[in-house]
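The block underneath contains the structure these notes are about, expressed in structure tokens.
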Amino acid sequence: MGFQEEIHKREAAWQKKWQEAKLYESTPDDRKKFFCTFPYPYVNGLPHVGHLFSIMRTEAFARYKRAQGYNVLFPQGWHATGSPIATAALRVKEKEEKQIKILKDLSVPDDEIPNFAKPEHWIEYFVPRYKKDLASVGMCIDWRREFHTTSLNPQYDAFIRWQFLTLKEKGYVKQGEHPVVWCPKENMPVGDHDRLSGEGETSKEFIWGKFRLKDSDLILMAGTTRPDAFLGQVSLWVDPTATYKIVQVKDEKWVVGEPAIQKIKDQYTENVEEIGEIHANELIGKWVQGPVVDYELYIIPAKFIDANVGSGIVYSALEDPIDLLEMQTMQQDPDGIKELGLDVDLVMKMKPKNIIDVPSMGPNLGEEIMKEFDITSYEQRKKVEDAKGELNRRVFRKGVMNKTCGKYSGMPVPEAQEAIIEDVLAAGDGAMFWEMTGKVVCRCQTESIIKVVADQWFMAYDDKEWTKLAHECLANMKLYPEKVRPQFEYVLDWLKEWACTREYGLGTRLPWDDSWLIESLSDSTIYMAYYTIAHKIKDMPVDELTQEFFDYVFLGKGNAPSERAEEFRKEFLYWYPMDFRNSGKDLIQNHLSFSIFNHCGIFPKEHWPQSFGANGWVTVNGQKMSKSLGNIIPVRQLVTEYGADATRMTILNGGEGLDDPNWDSNFARGMGGKLQLLIEHAKTFKDAAGGETPVDAWLVSKTNELVQKTTDAMELTNFRTALQVAFFEFNQVVKWYLSRTEPNGTLLRDVLAKQLVMVTAFIPHTAEEAWNELGMDGFVSSADWPEAGAVDEKLDVAENMIRHIADTLKKKNAKKASLVLAEDWKRDVYAKFDIHVEKTRNPGELLQLLAPDFPDKSEELQRLVKFLVKGRTPGHIPTAEEEKEWISSAKDYFEKLGVTVEIAEGTNGLPGRPGIAV
RNA sequence: GCGGGGUUGCCGGAGUGGUCAAACGGGAUCGGCUCAAAACCGAUUGGCUUCAUGCCUACGCAGGUUCGAACCCUGCACCCCGCACCA
């Protein structure tokens with residue numbers, strides 16, 4: 001345990017030194033700047049290993065850019081907008097056990113729990129702890145700029161009001177209607193987390209068609225999810241046992257099932273008056289005119305119709321297996337039809353109208369699918385449902401409206417559906433309604449309904465011009481990794497209107513209608529701009545934070561309203577645009593895309609975001625994180641158990657790109673000792689004497705190679721690769737050098753210093769410690785990134801040769817060995833091979849090309865070519881003299897291995913790979 | 001269904017036409033150090049043998065292109081993520 005304590009002490013000490021030196025407090029100067037951010041976390045808990053990865057990617061990039069000479073700004077704020085904190089506080093107030101347990105699990109002391117009944121206490125409690133946890137990992141954050149959202153922070157509140165007024169002015173905020181899952185008892189929307197059951201259920205769009213009763217002013221309403229099937233309507237079905245209601249809706253008289261009345265009130269208009277009723281019997285046998293088609297329908301009864309579902313009336317296209325079965329049953333009993341007082345002839349003639357072609361299916365879709373599913377009776381409920389589902393899928397995916405469909409002919413079904421809805425609504429022949437996709441029960445035990453909120457505010461993300469700007473912005477952005485670009489392209493087009501206001505929760509009031517709160521994904525899109533002034537705005541009186549003030553600071557509009565405004569403007573202009581923002585890949589389709597839209601909507605081009613990074617979801621020891629597995633490890637636990645540097649290194653080594661990174665506890669455990677190696681190196685190298693050696697040039701070349709590789713990886717935020725190279729590969733190179741020769745102290749110090757700068761982004765505390773031990777000035781956190789010099793491939797060939805010889809000698813446990821160098825003609829073959837191989841890789845052809853130059857050697861040449869064609873030519877073909885020189889310069893090394901080496905005559909040597917005889 | 005990403009050795013994971021039996025890390029086995037263990041160091045870690053300038057088998061499955069494929073093309077199977085008003 002002593003070891004652990006020592007590490008904690010060391011890490012805390014360096015953190016304190018950084019803080020005292022104000023190392024991460026970023027202020028504009030004349031350097032080039034780099035501004036990077038991580039989305040502010042929602043403060044209803046503490047950071048865990050999942051958050052850690054995304055923020056560490058930001059942090060490591062910040063440190064890299066710092067080393068590259070940028071003035072780096074990495075701020076961090078906190079998000080409290082929305083309903084989770086508000087509802088959780090309510091639950092604490094109601095002393096709900098589940099909620100109290102959640103707080104206990106976050107190690108909140110029992111006597112503090114009642115305080116959490118106030119929403120603001122969540123911020124007061126979790127913000128400082130969240131901050132402490134991030135700081136304990138050694139984050140290079142400018143904490144002066146932290147802030148939290150909502151009206152609890154009046155300055156931020158003013159900023160968000162400015163944002164929305166600006167957007168509204170540009171026409172990007174619109175009002176419209178919107179269906180939400182709603183609790184009729186509590187009178188508020190029921191979010192996924194407010195449900196006893198029905199998580200994931202949502203609303204589904206229906207269209208109700210108006211079927212006008214002949215010689216009457218009554219309109220029978222029948223709903224469908226398949227408006228395309230309006231074209232195939234054959235009859236109208238009613239529940240023969242039901243008494244339908246007649247309601248006055250605006251200036252029309254609708255006939256619907258009783259429960260539908262409430263639905264009309266919730267979703268269509270409050271102005272609904274029940275003016276009478278009519279029994280199904282009075283409808284059966286009459287005629288109606290439905291939407292889209294030019295013929296009338298006969299009203300007939302069907303026992304599967306339930307007046308309590310939907311509108312209570314159904315039109316039939318006889319394509320649906322259920323409809324078809326019902327019709328067939330009826331047609332088998334002509335007497336029954338007669339008894340109902342219906343025209344037997346008419347009913348017997350009813351058959352499906354074919355309106356859709358589905359490739360690989362015949363014209364009669366319903367019958368065919370029933371045959372396929374082997375359905376003979378309506379009793380086979382499950383099969384019938386499956387068949388219906390399958391048919392709907394096929395129709396939607398592959399169906400095309402056939403030639404009977406007039407203007408819709410040739411349209412794929414989804415397109416036709418949209419066109420038909422549009423036409424039906426335009427003609428006044430229908431109305432939109434919504435149904436639940438499944439049953440939802442609110443926490444208060446009440447079953448939820450769909451309510452259409454009439455005056456909802458939306459972000460107009462479907463606006464064509466705006467979308468175009470967003471695409472332009474994206475086209476100029478760097479993405480890490482680039483392969484997320486198609487996803488972004490898709491999302492920008494896919495985004496429709498976004499409901500940006502809520503009736504409940506924490507947040508900023510909509511400036512022009514304070515009955516609404518701005519929703520949490522909408523108040524977090526351009527706040528990175530706020531970071532640039534966050535530390536200065538804290539003491540500003542809110543009444544000075546006017547529209548003009550922000551207009552000047554962020555847009556440079558008009559004249560500076562005050563000196564402060566001028567000061568703020570300067571700071572904003574220095575830091576903006578934002579250069580890098582990293583988050584989990586799940587935010588691509590909302591937050592990151594919203595951020596693009598909002599920047600484009602408000603700021604001029606030069607202030608649009610420059611790059612986004614997206615990463616996968618953290619797994620823990622190979623398993624998905626989940627509450628039930630209990631493997632969501634808090635950051636504080638990781639730091640306590642493994643130390644900050646081992647934690648940082650483990651998480652960044654977990655993965656890169658879009659792969660799901662893995663937290664590997666074994667790796668973390670093992671890192672402690674591995675990190676110590678750098679400090680040991682620093683201690684030994686500090687006073688190492690030793691002059692120049694023959695291996696120095698190789699070490700220099702190799703260092704250059706590794707610097708280049710690390711730089712390339714860092715540039716792409718491929719931190720795992722960078723870590724592998726800068727830490728593990730580098731250590732191996734140094735190790736080889738140390739075992740290979742009496743080291744050159746000066747060179748070693750130089751090489752280690754370079755390595756330390758490169759690993760600082762991963763293990764800053766260890767790097768500082770080693771930097772200090774090595775006797776270097778200042779902080780390694782402020783040191784310059786190394787330049788990559790020239791790489792000499794020849795030196796690698798030489799060292800590989802020595803290593804190959806040494807490995808063989810060790811394996812054979814040799815005391816004395818003869819090395820057989822390749823004959824010159826073989827070197828000649830190698831050289832000529834390299835030339836010919838540009839033309840062909842065919843062994844036969846190569847042999848023909850080479851053979852004339854090497855008569856008498858045909859058999860050996862064949863073997864050589866066969867060997868070489870597999871690609872084993874060294875990058876540099878050494879001469880015999882070079883090889884001799886290399887071997888003699890490694891003489892000490894071979895002696896250290898206890899082997900005497902001499903050069904001998906023979907025929908089994910290859911260039912760069914002498915034959916070895918023990 | 002739509003959109004995106006994947007499938008490599010005991011494991012994690014590099015590798016995107018020849019230098020690949022496959023980086024790096026982990027694990028395992030053997031050896032060193034030690035009274036012993038941890039740490040640390042060395043070796044081995046697809047199979048066969050002639051231990052090699054060798055052969056065979058292998059990078060989800062099946063075909064194809066090529067002198068040559070883990071890598072390119074076609075088809076298939078399987079896995080993961082997102083699909084909205086929710087942070």
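First the proteins, then the strands, lettered A, B, ... as listed; each starts at 1. All values reported here derive from a predicted model rather than from experimental measurement.
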**OP:** Could you measure between the two C1' atoms, the one in C81(B) and the one in G25(B), and give it in whole Å?
**Re:** 27 Å
**OP:** Please measure how far the C1' atom in A22(B) lies from the corresponding atom in G12(B), and state the result in whole Å.
**Re:** 15 Å
Measure all distances between protein nitrogen or oxygen atoms and nitrogen or oxygen atoms of nucleotides 6-9 of chain B, and list the pairs falling under 3.5 Å.
| residue | atom | partner | partner atom | Å |
| --- | --- | --- | --- | --- |
| G6(B) | OP1 | Lys483(A) | NZ | 2.2 |

Original post:
Quick one: which of Trp498(A), Phe488(A), Tyr461(A) gives a ring pair (Phe, Tyr, Trp, His ring centres under 6.0 Å) with Phe597(A)?
Top reply: Tyr461(A)
Original post:
In terms of ring plane angle, is the pair Trp736(A) and Tyr893(A) parallel, tilted or perpendicular, where the classes change at 30° and 60°?
Top reply: perpendicular
**OP:** Return the orientation label for the His79(A) and Tyr40(A) ring planes: parallel under 30°, perpendicular over 60°, tilted otherwise.
**Re:** parallel
Original post:
With sugar-phosphate meaning primed atoms plus P, OP1 and OP2, does Asp664(A) contact a base, only sugar-phosphate, or nothing at under 4.0 Å between heavy atoms?
Top reply: nothing
Original post:
Base, sugar-phosphate, or nothing for Gln724(A), non-hydrogen atoms under 4.0 angstrom?
Top reply: base
**OP:** Only counting residues at least two apart or in another chain, list the ones meeting salt bridge (Lys or Arg N to Asp or Glu O under 4.0 Å) with Asp463(A).
**Re:** none
Donor-acceptor pairs under 3.5 angstrom involving side-chain atoms of residues 41-50 of chain A: please list them, not counting sequence neighbours.
| residue | atom | partner | partner atom | Å |
| --- | --- | --- | --- | --- |
| Tyr42(A) | OH | Ile85(A) | N | 2.8 |
| His48(A) | ND1 | Gly50(A) | N | 2.9 |

**OP:** Under the side-chain hydrogen bond (donor to acceptor under 3.5 Å, both in side chains) rule, collect the residues that match up with Gln755(A), sequence neighbours excluded.
**Re:** Asn731(A)
Subject >> Separation of A23(B) C1' from Leu706(A) CG (nearest whole Å) >> reply: 13 Å
**OP:** Using the criterion of both pairing distances under 3.5 Å for Watson-Crick and G-U wobble pairs, give all stems of 3 or more consecutive pairs involving RNA chain B.
**Re:** B:1-7 with B:77-83, B:10-12 with B:24-26, B:27-32 with B:40-45, B:46-48 with B:54-56, B:60-64 with B:72-76
Original post:
Which distance, rounded to the nearest 0.5 Å, do you find between the OG1 of Thr467(A) and the CD1 of Ile596(A)?
Top reply: 11.5 Å
Where do N or O atoms of nucleotides 39-44 of chain B meet protein N or O atoms at under 3.5 Å, pair by pair?
| residue | atom | partner | partner atom | Å |
| --- | --- | --- | --- | --- |
| G42(B) | OP1 | Lys735(A) | NZ | 3.0 |
| G42(B) | OP2 | Lys735(A) | NZ | 3.2 |

